[in-house]
Each structure stands twice: as structure tokens, then as C-alpha cells.
Amino acid sequence: MKQFLIISVAIIASVTDSLAINLFKKNDAEYFDYTAWVDTTELPSSANNGRPLFYPASGADGAIICGQIDLPGFSADNIFLSALNYATDNLDATDNREMIGDIDATENKFVLRLYSKQGSNNTETTFTRLMLIKAEDNRLLFTVYEIDVRYREKGILPRTLAFEKLNPTINTRHRELVELFAQINTNYIHDMTDNVSKCGVLEVTHWNEIRDKVVSVGMNELEVKLILGRPVTTRDAGDRTRWVYPNNYVIIFQNNIVSRIVE
């Protein structure tokens, strides 16, 4: 039986569908109207790989991207665990740049903090955002908010702006940033949903141990990753796999199930 679970991998407050955005509300300000701009501006409709692009709209608290991807034939549980598996496998935990928080197994949803860096030196651009993922039968829903960009403009020192502070109508650089972010964010979401059909049926039963961050014998690989993240190194030997973490903490799997823990 599923249980409600919060993993405090990061300092991310508890989130529900109706409160997700309000919990991270910015100061009141005049925001750029993305909804009108996207509706009236000729923008690229697909990424380089042909995937339909998702552009920001304007919400009460700033720029926001909402959408869904249909996944016919897949249950909410399957989509939820596959999305979690993709998120853990692709998490950049360096300096807590990217984090998973608020895993709610009863509602099949979780929150991600994502960090995307492009270019270097004068062309370096970094996007950060929060993403609420929710799985339902036959579809994955997402809400992207608290979108910020750090970039250089006209050779000056890097500056960080909330997306709602950009003005792509009058600033060519701002338009480039919006289009670049649409490409990056769209590809992440599509890569996540593509993973659903690739990883097969997943199962998580040790929710209490995951909540308490305790690895135990009998766990599968996804359950361990939800507690410890990806290992530093792995080594396969027949039906046995050894995962090594910092401080020589070792998890030994047999047929993908934890058989021994070496501390």
C-alpha cells in the first residue's frame, strides 16, 4: 500500500497542485506578458529533433509553463516511477544544484529543481527552475515555474533575472534566452517521457525506509537511488553488481536486489 512520502534532499517546501506556485511566490512586480507574446509572435514550433516546443505563459506569479504528454497504455504508477528513475539518473547533485523533493507516492507526483548551463566565459548562460511532475493514467503533466536565467549582456558582468523580468519584444538577447530555454526544457521533459517505455515495469515498496533514508537488504536499484543518488562507481560480476559511494560505502546487488551492505 502506498504511503505519503517527503524526501528532504533539498530545502523544498511541501507542495500540492494548488499551492505549488504560491509557496515560491516572488515579490509583486510588473511582469512581461508571455501569453500574449507567444500567441502573436512567430516562434520556432519544434526543437532541433522535431519535438514540439513548450513556451512560457504568464501566471499570477510570473512566467510558467504547463503542459502534458500523452502516454497511451501506461498506468499512473508506471509513469510516476519511470519519471522518478529518469530524474535520479540525470540529477546533477554537485553543490545541490539539482534536487528532488516532495515525493508523494499517493498522488504520483514530485518536485524537481533543475540547473542547465550552456556555453562558457562570455557566452555562459545558466537556467534554473522548479518543475512539478504529476503522473496520471496515460499521461504525464508538468508545471515549470520559478524560472531564472543568469547570463551576460553586452559584455558586462553576469546578471540574474527572473523570466518574467525579461522583455523579448524589445530585447533581442532576451528573445534568444527564451527560445534557448524552450529547447532545453522541452528536451528534458520529452527525454523523461521517452524513458517510460524503455525502463519497463518498476516497483517501489520500501517507502518507509526511503523516507528515513535507510538502505536495507531487499531493496531494488531505484529504491537505493532515491536514498543515496547515483553511485560514484559500479562494477558488474555475473549476477552481482557493486555500487560504491563516498567513504567506501558499498551496496552489493544480486539480480538487481540488495543482498549486502558494506559500511
Side-chain angles (χ1 to χ4, degrees), residues 1-10 12-24 51-54 57 59 64-91 98-114 129-147 185-213 215-216 218-230 256-258:
M1 182 176 181
K2 289 185 178 180
Q3 301 179 34
F4 176 73
L5 171 70
I6 297 179
I7 297 181
S8 297
V9 178
I12 299 180
S14 181
V15 177
T16 64
D17 288 338
S18 60
L19 296 179
I21 298 167
N22 288 335
L23 288 175
F24 299 95
R51 293 165 165 174
L53 288 170
F54 303 111
I64 185 171
I65 302 175
C66 297
Q68 69 178 53
I69 294 181
D70 294 334
L71 295 163
F74 292 97
S75 69
D77 288 352
N78 193 177
I79 295 170
F80 169 64
L81 293 177
S82 295
L84 261 179
N85 187 62
Y86 178 84
T88 58
D89 281 345
N90 291 276
L91 200 68
E98 297 190 331
M99 300 165 276
I100 302 174
D102 298 334
I103 301 177
D104 184 344
T106 62
E107 295 290 333
N108 288 322
K109 63 185 180 181
F110 62 96
V111 176
L112 283 167
R113 180 175 181 83
L114 297 173
R129 73 272 198 198
L130 294 173
M131 182 183 293
L132 173 65
I133 297 292
K134 182 172 182 179
E136 296 181 352
D137 288 343
N138 303 310
R139 63 178 183 170
L140 179 141
L141 298 89
F142 57 88
T143 302
V144 184
Y145 54 104
E146 285 292 299
I147 310 167
N185 190 62
T186 292
N187 283 331
Y188 184 91
I189 294 168
H190 279 286
D191 286 345
M192 175 180 282
T193 53
D194 287 349
N195 189 60
V196 173
S197 60
K198 294 178 181 177
C199 64
V201 177
L202 299 172
E203 186 177 19
V204 172
T205 59
H206 294 80
W207 288 116
N208 288 335
E209 291 89 340
I210 293 170
R211 178 197 60 206
D212 297 334
K213 300 182 182 179
V215 177
S216 63
M219 283 185 166
N220 60 36
E221 293 180 355
L222 174 56
E223 291 172 325
V224 173
K225 285 188 292 186
L226 288 173
I227 298 171
L228 299 176
R230 292 174 300 174
N256 301 318
I257 300 298
V258 176

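Values below: every heavy atom of this structure, side chains too, minus hydrogens, waters and symmetry copies.
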Criterion side chain to side chain contact (heavy atoms under 4.5 Å, CB included) on N85 and K225, from CA distance to verdict: CA-CA 8 Å; N85 187 62; K225 285 188 292 186; 2.9 Å; yes
Tell me if a side-chain donor or acceptor on [X] pairs with a main-chain N or O of [Y] at a distance below 3.5 Å.
| X | Y | result |
| --- | --- | --- |
| D137 | A76 | yes |
| N195 | S82 | yes |
| T186 | F54 | yes |

Any heavy-atom pair between the side chains of [Y] and [X] that's under 4.5 Å?
| X | Y | result |
| --- | --- | --- |
| E223 | V258 | no |
| N108 | I79 | no |
| R51 | N187 | yes |
| R113 | L130 | yes |
| W207 | I210 | yes |

From CA spacing to verdict: side chain to side chain contact (heavy atoms under 4.5 Å, CB included), I227, M219: CA-CA 11 Å; I227 298 171; M219 283 185 166; 3.6 Å; yes
Just verifying a value: how many Å separate [X] [atom1] and [Y] [atom2], rounded to the nearest 0.5 Å?
| X | Y | atom1 | atom2 | value |
| --- | --- | --- | --- | --- |
| I100 | L91 | CD1 | CG | 5.0 Å |
| I189 | L114 | CD1 | CG | 9.0 Å |
| K109 | E136 | NZ | CD | 10.5 Å |
| R230 | T88 | CZ | OG1 | 8.5 Å |
| I147 | I65 | CD1 | CD1 | 4.5 Å |

Minimum heavy-atom separation for [X] to [Y], with atom names?
| X | Y | answer |
| --- | --- | --- |
| M192 | A87 | CE-CB, 4.4 Å |
| N220 | E203 | ND2-O, 2.5 Å |
| V144 | R129 | CG1-CG, 3.6 Å |
| R139 | D70 | CB-OD1, 4.0 Å |
| F142 | I133 | CB-CD1, 4.0 Å |
| P52 | H190 | O-NE2, 3.7 Å |

Stepwise side chain to side chain contact (heavy atoms under 4.5 Å, CB included) test for S197 and F74: CA-CA 9 Å; S197 60; F74 292 97; 3.8 Å; yes
Parallel, tilted or perpendicular: ring planes of Y188 versus Y86, cut at 30 and 60 degrees: perpendicular
Candidates N138, T193, L141, L140 - the one meeting side-chain contact (heavy atoms from CB on, under 4.5 Å) with Q68: L141
